[in-house]
Amino acid sequence: MKIKAYHLVILLVSVILGVMAAMQFKSSSEIIDANIERTEKMAEKVEAKKKEIEELKIKVDEMNLQLQEAAESPEMYALNQQLITYGILAGTVEVKGPGVKVLLSDSEEPLKPGQDPSFYVLHDVDILKVLNELKAAGAEAIAINDERVIATTDIRCGGPVIIVNKNKRLAAPFVIKAIGHPDTLYNSLMMKGGVVEQLKFWNIRVSVQKADEVIIPSYPRSIKLEARLGGSISG
Amino acid sequence: MAKPSAVSFVVSFVIVGMMLGLLLGLHDKNDEFLENKDVPGRPHALAAELAQLETDYQNLLAEAQDLEKKLEQIEKGKWKAYEALQDELEKVKFAAGLMPVSGKGVEVIMQNMPEGELDDHLGFDSSLFSIKYEDILKVVNELYAAGAVAISINDQRLIVTSEIRNAGRFIIVNSRRITPPYVIKAVGDPERLESGLKIKGGLVEALREWGIEIIVEPKEEVIVPAYDGGIEIRYAKPVKKEGDA
């Protein structure tokens, strides 16, 4: 058989295509490798930092307790009580007490055609309203998935998660714990036309339980310094 | 014999072509994989998280050093101890919102549109479009998200227990009735606070659509007063690690 010119052309084109394909395949798998490696390195550093912060926070909590104990002598009673009360408000003190647990999760009802799915998932405003209602009912300390709520706490939707306290990502289901008078907290949430009824309208799953004791951890970062960064004491 | 071999020759080209096609197909799959997993974006997000954690760590470290110093001071006799505890109390009071704060920030003024104007504007009953507690709740949340360290509404300082709610036709903050115009003062970075509210598709835009007048003004100095309501902690008790009294 004679090899004709067009055979050579086809062969050449095939080889070039083959080489190109191989190169591209190789380079894209290199990108994946490089990224995975970088991601892993970064994730390791992030985890290490988180651990460092946790350990330091334990030390800070211990020192805070020592300071409280130092103020336990009778002549400093008033000072000690103030330190505890204001510390609870600021969120620097881990607390326990009676209250409620609120469990929130997205609707599980299948959507009917034409229904907008975004109506049936939890929004930041829903959680804001639950917190607001608990505060109005006299809650003394609140946490969402064990992240302490403080005066400057913000809540934002970030796709399937919510972001609390600027950068703490929390995933559903959300458990809101609050310390206060259990009946008052419960009734204000369950009130006719209240926040639970509104959420149930959108098929969002809400349950509220009274509890003899809930534990609410302290704010895991430094509030005393954060609060100072943006302003100064006036007057 | 020439004919069949020419055919198999062409067939082998076709097979090579198909294999190449497969390879290219595989390559496309890979691209998709990259997009789906968002792999290139992850190191970036993690770097931002790491930077934030570093700041958190430094702040916490400074707090730890401050506490260490105070504990040392406590060893040095009653007077020094009292001083150290007094200083600690000031810090906690400040963080709790029991002291006035001043600094750069923004002033947000919210007002219902005058009734006649609103009716013309939307052709609806104006009461539907008056400011609701939720609107204020959202503005406050947005300001905190943009880094506000202290906020007041009509001079009611918001602390951790502050509620914003309807009671009849009024809005209540810290159990006190407030009336429009609602003046929200926030201490923080004026640029961030302003852009957080005014971002395209953001809150200011949405509220204006509902006929609410809202003005956001950056300020060289805003003064946010201290919380002056009652404080009573009846149910929450501090958790003590060892022993647990």
Side-chain angles (χ1 to χ4, degrees), chain A residues 1 10 14 17-18 21 24-25 28 35 38-39 42-43 45-46 49 52-53 56 59-60 63 66-67 70-71 79 82-90 93-98 128 132 135-136 140-141 150-152 154-156 167 179-180 221-225 227 230-235, chain B residues 2 5-6 13 16 20 23-24 27 30 39-40 42-43 46-47 49-50 52-53 56-57 59-60 62-64 67 70-71 74 81 85 88-89 91-97 99-103 137 141 144-145 149-150 158-161 163-165 187-188 223 231 233 235-239:
Chain A
M1 193 205 94
I10 292 175
S14 315
L17 271 173
Q24 273 180 320
F25 182 71
S28 76
N35 271 310
R38 221 187 281 170
T39 307
M42 273 295 193
K45 278 190 185 171
V46 164
K49 207 25 107 190
E52 260 182 286
I53 290 176
L56 188 56
K59 240 175 86 185
V60 165
M63 286 195 283
Q66 280 174 39
L67 216 57
L79 192 60
Q82 281 179 315
L83 264 177
I84 291 172
T85 304
Y86 301 157
I88 291 172
L89 288 179
V93 176
E94 181 176 25
V95 282
K96 60 177 183 182
L128 275 179
N132 192 51
K135 291 174 183 183
E140 295 172 357
I150 61 169
T152 56
D154 64 314
I155 291 162
R156 277 180 295 171
N167 53 25
I179 294 179
R221 289 163 285 267
S222 167
I223 308 176
K224 284 180 236 166
L225 249 118
S232 54
I233 300 169
S234 90
Chain B
S5 99
F13 272 132
V16 168
L20 273 172
L23 268 174
L24 286 169
H27 167 70
N30 260 315
V39 174
R42 278 187 178 170
L46 284 169
E49 190 180 356
L50 192 61
Q52 180 60 48
L53 287 171
D56 291 347
Y57 182 74
N59 283 341
L60 202 56
E63 188 178 331
L67 286 169
K70 281 177 181 149
L71 287 170
I74 280 171
L85 290 167
E88 180 65 16
L89 185 64
K91 280 195 175 158
V92 180
K93 261 176 100 168
F94 186 80
M99 285 193 187
V101 185
S102 68
L137 209 55
N141 188 51
Y144 282 138
V149 292
L158 298 183
I159 65 166
V160 69
T161 55
E163 83 291 7
I164 302 170
R165 60 177 342 203
V187 174
I223 298 176
I231 296 166
I233 302 288
Y235 300 97
K237 299 272 176 279
V239 176

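We name chains A, B, ... by the order of the sequence lines, and we start the count at 1 in each one.
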> Do E52(A) and K49(A) meet the salt-bridge criterion of a basic N to acidic O distance under 4.0 Å?
Replying inline: yes
>> At a 4.5 Å cut-off on heavy atoms, which part of I231(B) comes close to chain A: side chain, backbone, both, or neither?
In response: side chain
> Where do Q52(B) and D56(B) land on the side chain to side chain donor-acceptor pair (under 3.5 Å) test, with the steps shown first?
Replying inline: CA-CA 6 Å; Q52(B) 180 60 48; D56(B) 291 347; 3.1 Å; yes
>> Taking the side chain as everything from C-beta on, heavy atoms only, tell me whether L67(B) gets closer than 4.5 Å to E63(B).
In response: yes
> Is the closest side-chain heavy-atom distance between V95(A) and Y235(B) below 4.5 Å?
Replying inline: no
> Side chain, backbone, both or neither: which part of V93(A) has a non-hydrogen atom closer than 4.5 Å to chain B?
Replying inline: side chain
> Between E140(A) (side chain) and A236(B) (backbone), is there a donor-acceptor pair under 3.5 Å?
Replying inline: yes
> For E49(B), does its backbone N or O pair with a side-chain atom of N167(A) as donor and acceptor, under 3.5 Å?
Replying inline: no
> Between L158(B), L137(B), I159(B), I74(B), which residue shows the highest count of heavy-atom pairs closer than 4.5 Å to chain A?
Replying inline: L137(B)
>> Between L56(A), I88(A), T85(A), who has the most heavy-atom pairs with chain B when the cutoff is under 4.5 Å?
In response: L56(A)
> Picking from I179(A), I84(A), L128(A), which has the most non-hydrogen pairs under 4.5 angstrom with chain B?
Replying inline: L128(A)
> Using non-hydrogen atoms only, which part of K59(A) is less than 4.5 Å away from chain B: side chain, backbone, both, or neither?
Replying inline: side chain
>> If you count heavy-atom pairs within less than 4.5 Å of chain B, which of G97(A), A141(A), A90(A), A70(A) leads?
In response: A90(A)
